[in-house]
S.K.: 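One structure, as structure tokens, below. Some questions next.
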2 protein chains.
Amino acid sequence: MTETPRNGRNAVPLDELDRRILAVLQQDNRLSFAELAERVASSAASCVRRVRRLREEGVILADIALVDPGRAGKSLTAVVNIELEAERLDLVDAFKREMRAAPEVNQCYMVTGDADFVVMVTVEDIAAFEAFTRDRLYANPNIRKFRSMIMLDRVKFEPRVAI
Amino acid sequence: MTETPRNGRNAVPLDELDRRILAVLQQDNRLSFAELAERVASSAASCVRRVRRLREEGVILADIALVDPGRAGKSLTAVVNIELEAERLDLVDAFKREMRAAPEVNQCYMVTGDADFVVMVTVEDIAAFEAFTRDRLYANPNIRKFRSMIMLDRVKFEPRVAI
DNA sequence: CGTGAAATTAGTTGACC
DNA sequence: GGTCAACTAATTTCACG
């Protein structure tokens, strides 16, 4: 019962050792394979093989440094719920492209429910956020309305998957 | 005992080279210092010194592997806007602790505006999400109401800061 | 800040149980 | 899957311009 292949569409079957490896690497990817092997109670060779496979299969998307926005001078984060003018495919695609191109936008999700899109924005201060709404939102005729929620406390930020 | 808010920390002064280094490492932290130096048009020694400093100062919070939730069998992500029963400090702190303890919760922000909290949840499927709402939300007497938005498309996920 | 060299550590590969 | 050994590459430290 340790094996639970899941059926997300492109899900890759992962065994318990894969899961332990991913759990560790999602917290620290700079460990040597020897250290990793110790933490997951396996051998370095096995970790080398598995990590390579997990990268090749796209389970591991990227290996990155996480930067503290505040320390880097971006002290304002906002969650913006956006409703488009119409649910037309061309408008939706155009909007996605704009969000992908906007450097202030860290995350953008198309969603069901009250909004069409949820966008997370990280900028220096309230003036920069005002400029963002003016240049990217008010200026955008595809947007019917949007509601901003300014972050007061980053309670949890763990861009990792519980596996 | 109330928790110390995490924002309001001081920004660290960064020069152009620091910014270029951070921009690269936020996309790939497995480069050798020689490669990094080449990309930022500097020397390996300087990169070594600066990266160590950026880590010590907390500008770089962590170095991690990014896992594709779908490939790892978690094909449902939801954004949940939550309103608490009362804006009492003890209720707020208790809620924060619960969200930090919940493995399905990747991100949790306390916000101004329509909601008190915005929570991002990643689980296997709709059944697991239903279980999450039942066990963590409906079961929670501190929550007055919540609104879920199910992710249809992860348009952009770049947990990095534009610097 | 930059170079280069030496010492140490880590990553890679292949043979083998 | 696991170990071991040998090879290559990267990191660390230091002296120096």
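These numbers come from a predicted model, not from an experiment.
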S.K.: Without swapping roles, check the side chain of Arg71(A) against the backbone of Glu57(B) for a donor-acceptor pair under 3.5 Å.
M.R.: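 Between the backbone of Glu57(B) and the side chain of Arg71(A) there is a qualifying donor-acceptor contact (under 3.5 Å).
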S.K.: Could you state the CG-P distance from Asp28(B) to dA10(D), rounded to the nearest angstrom?
M.R.: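 Nearest whole value for this atom pair: 13 Å.
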S.K.: Will you find, in the side chains of Asn29(A) and Asn29(B), an N or O donor that is under 3.5 Å from an N or O acceptor?
M.R.: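 Checked: Asn29(A)/Asn29(B) side chains pair up, N/O donor to acceptor below 3.5 Å.
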S.K.: Can you identify which nucleotide, out of dT12(D), dG2(D), dG2(C), has its nearest atom closest to the Ser46(A) side chain?
M.R.: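 Minimum distance to the Ser46(A) side chain belongs to dG2(D).
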S.K.: Closer than 4.0 Å, any side-chain N/O of Ser43(A) to the OP1 or OP2 of dT3(D)?
M.R.: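 Checking Ser43(A) against dT3(D): at least one side-chain N or O falls below 4.0 Å of OP1 or OP2.
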S.K.: Atom CG of Asp63(A) and atom P of dG11(C): how far apart are they, to the nearest Å?
M.R.: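 About 12 Å, once rounded to whole Å.
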S.K.: Could you give the CZ-to-C1' distance, from Arg30(B) to dA10(C), as a whole number of Å?
M.R.: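 Roughly 12 Å, once rounded to whole Å.
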S.K.: Would you mind telling me which of dT12(D), dG2(C), dT3(D) lies closest to the side-chain atoms of Ala45(A)?
M.R.: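 Looking only at side-chain atoms, Ala45(A) lies closest to dT3(D).
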S.K.: Could you give the CZ-to-C1' distance, from Arg55(A) to dG11(C), as a whole number of Å?
M.R.: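 In whole Å, dG11(C) C1' lies 11 Å from Arg55(A) CZ.
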S.K.: Side chain of Arg52(B), heavy atoms from C-beta onward: which of dT3(D), dT11(D), dT13(D) has the nearest atom to it?
M.R.: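 Out of dT3(D), dT11(D), dT13(D), the nucleotide with an atom closest to Arg52(B)'s side chain is dT13(D).
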S.K.: Taking it one step at a time, do Phe117(A) and Phe146(A) satisfy ring pair (Phe, Tyr, Trp, His ring centres under 6.0 Å)?
M.R.: CA-CA 9 Å; Phe117(A) 288 90; Phe146(A) 66 91; over 10 Å; no
S.K.: Taking atom P of dG11(C) as reference, at what distance in whole Å does atom CZ of Phe33(A) sit?
M.R.: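 Phe33(A) atom CZ is separated from dG11(C) atom P by 6 Å.
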S.K.: Distance criterion of 3.5 Å, no angle test: do you see the side chain of Arg49(B) paired donor-to-acceptor with the base of dG2(C)?
M.R.: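 In this structure, the two groups form a donor-acceptor pair.
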S.K.: State which of dG1(D), dT12(D), dA10(D) makes the closest approach to the side chain of Ser32(B).
M.R.: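 Between dG1(D), dT12(D), dA10(D), the one nearest the side chain of Ser32(B) would be dA10(D).
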S.K.: Separation of Leu31(B) atom CG from dT11(D) atom C1', in whole Å?
M.R.: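 Result: 14 Å.
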S.K.: Counting just side-chain N and O atoms, does Ser42(B) come under 4.0 Å of either OP1 or OP2 of dG2(C)?
M.R.: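 Result: yes.
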S.K.: Rounded to whole Å, how long is the line connecting atom CG of Leu36(B) with atom P of dG2(C)?
M.R.: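 Rounded to whole Å, this separation is 12 Å.
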S.K.: Return the value, rounded to whole Å, for the distance between atom CD of Glu56(A) and atom C1' of dT12(C).
M.R.: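 Between C1' of dT12(C) and CD of Glu56(A): 14 Å.
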